[in-house]
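Chain letters run A, B, ... following the sequence lines, proteins first and then strands; every chain starts at 1.
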Amino acid sequence: MGSSHLTSFSFPSSERLKGSKCFDRVFREGYSLQSSHFVVLFVRNDLNDNRLGIMIRRKFGKAHDRNRLRRWIRETYRLTKPYTVKGFDIVVLPRKALSDVFTKVSFHQVFEELSELYKRIGA
RNA sequence: AGAGAGGGACGGGUGAUCGCGGGAUUUUUUCCCGAGGAAAGUCCGGACUCCAAGGGCGGGGUGCUGGGUAACACCCAGAAGGAGUGAUCCUUGGAUAGUGCCAUAGAAAAGGAAACCGCCCUCUCCAGGGCAAGGGUGGAAAGGUGAGGUAAGAGCUCACCAGCAUUGGGGUAACCCAAUGGCUUGGUAAACCCCACCCGGAGCAAGGCCAAGCAGGGGUGAGUGGUCCCGCUCUAUCCCCCGGGUAGGCCGCUUGAGAAGGGCGGAAACGCUCUUUCUCAGAUAGAUGAUCACCCUCGACAGAAUCCGGCUUACAGUCCCUCUCUGUCU
RNA sequence: GCCCCCAUCGUCUAGCGGCCUAGGACACUGGCCUUUCAAGCCAGAGGCAGGGGUUCGAACCCCCUUGGGGGCG
């Protein structure tokens, strides 16, 4: 019971989306969900798990801010894993509106917004 | 107490839970480590790797002097000039090797030439001659100030000052001091340049190995192409273009001009030496975050990507050391 | 990550350190013309990315910062 609880929140490297072919497939065939600050693209894969990819442009901000946003997106994915439908390749993109207000945004706001989008995957 | 000057250290802490990267132990867990003073800009200097092998040159860089260093455009000490009451700070080769430029204004902007308003003499005027003190122009006007001298003036003469040259002395040197001489020589080298010293080029996506796959394919060139560019020289069936195929894994990859402490040398930067001291990120879609509790001053700038030595830029706040000036009290 | 390049009116661009208070084209505004619009003519507004330095004087020369763009196995 304890071990299943541990694995449910983990984030191994097999659950990360790698390779430009995989990204191209999501962009070409995927469905999109949008909020005011994020775009989530997803497409069904042949695996039992989800795979998460994050794309943040250099234009978004300095390296420190890009790292922070990437960690927040991954943390949100990790914490909402038990409530998310399995078997999809997911790509998360920040929109331009986020980079303008990013210094004032907290983790909770990102978490609220992204977890809503994650729940709608596959619907 | 106030106002400053110089230099250094730190960059929230502790505990718990979940999660991530690496290593050790091993077959399943457990333990250990895990961003910065700037990791940044890529502005310099190296180490390292490749460029078939060379050769000088072009070209580039640095710029008071001496020392330190693997090396530097960095650091330390000193010199000259400038700013400040001061602690301190700022600047730095050569303009008598040559060339160029100095718009407008101004008479004249650099082989020593020139005269607009002027001054003086000859003189009725016209005109001729002497002069550069004063005015004016300009960022800058051909040494400055004072006295003598003169028709008026002028280094024409003299004194002092600035500057130049020579000689002597001190200092490793930049330079300083003294004497003598002739009376004088604009600014700009972050303009070309001269002098002294240094530099081959590209960069870890360098480069090497393995696996898979495609087509041992087609075309141009023979003094063309490549070694950063140009020229010379040397070498080779080589180079380039079009089209096609992969874009996976491993090595490089982190122990190093390393850190801490002690001793010695040195004025300092720094160097030498010892410790059975410490080992301190190594990812590759790219690891540090979230939650809870407590405390304080409620946390700025901001994230390693081959590695070091600097410089520069960004930065909330806290602490320490040395020194200066002003005011008050004893 | 490493290595380069660029920055001039709203846009595309000229520009020997002094002629530059920066020229031209399109676009914009106002006027003339036209019954009206377009075209044409006349006039106007609007810029050297920012900060230091060299120079008597910088769009131009030298540093630093910022913002764009490109190349690589």
How long is the line joining CZ of A:F11 and P of B:A287, in whole Å? 10 Å

For A:Y77 and B:C20, give me the distance from atom OH to atom C1', rounded to whole Å. 14 Å

Hey, does the side chain of A:R74 come within less than 4.0 Å of B:G286's phosphate (OP1/OP2), counting only N and O? yes

With sequence neighbours left out, the residues meeting ring-ring contact (aromatic ring centres under 6.0 Å, His included) with A:Y31 are A:F42

Can you tell me if CZ on A:R57 sees more than 12 non-hydrogen neighbours from other groups inside 6.0 Å? no

Just the rounded figure in Å: distance from P of B:G21 to CD of A:E15. 11 Å

Hey, does the side chain of A:R16 come within less than 4.0 Å of B:C20's phosphate (OP1/OP2), counting only N and O? no

With sequence neighbours left out, what residues match A:S106 under side chain to side chain contact (heavy atoms under 4.5 Å, CB included)? A:H108, A:Q109

Which of the following nucleotides, B:G19, B:A285, B:A290, is nearest to the side chain of A:F23? B:A285

RNA chain B contacts among residues 93-112 of chain A, heavy-atom distance under 4.0 Å: A:F107, A:H108

With sequence neighbours left out, the residues meeting ring-ring contact (aromatic ring centres under 6.0 Å, His included) with A:F102 are A:F60, A:W72

Answer yes or no: are there more than 12 heavy-atom neighbours, outside A:D24 itself, under 6.0 Å from its atom CG? yes

Got a sec, which residues hit side-chain hydrogen bond (donor to acceptor under 3.5 Å, both in side chains) with A:R44, two or more places apart in sequence or on another chain? none

Taking for each residue the nucleotide of RNA chain B with the nearest heavy atom, is it A:L52 or A:P12 whose nucleotide lies nearer the 5' end? A:P12

Review item, nucleotides 2-5 of chain C N/O atoms under 3.5 Å of protein N/O:
none

Near RNA chain B, counting only heavy atoms under 4.0 Å, which residues of residues 64-73 of chain A show up? A:H64, A:N67, A:R70, A:R71, A:W72

Residue set satisfying side-chain hydrogen bond (donor to acceptor under 3.5 Å, both in side chains) with A:E116, at least two apart, ordered chain then number -> none

Separation of A:L114 atom CG from B:A290 atom P, in whole Å? 15 Å

Who pairs with A:R68 by side-chain hydrogen bond (donor to acceptor under 3.5 Å, both in side chains), at least two apart in sequence or on another chain? none

Length of the line joining A:R78:CZ and B:G19:P, which is rounded to integer Å: 7 Å

Any residue meeting side chain to side chain contact (heavy atoms under 4.5 Å, CB included) with A:D100, in chain and number order, not counting sequence neighbours: none

Would you please name every residue forming a side chain to side chain contact (heavy atoms under 4.5 Å, CB included) with A:P82, sequence neighbours left out? A:F9

Please tell me which of the listed nucleotides, B:A290, B:G19, B:G303, lies nearest to the side chain of A:K62? B:G303

side-chain hydrogen bond (donor to acceptor under 3.5 Å, both in side chains) with A:N45: which residues, sequence neighbours excluded? A:D89

In whole angstroms, how far is the P atom of B:C292 from the CG atom of A:L79? 12 Å

Taking the chi torsion of B:G207, is it syn (within 90° of 0) or anti (everything else)? anti

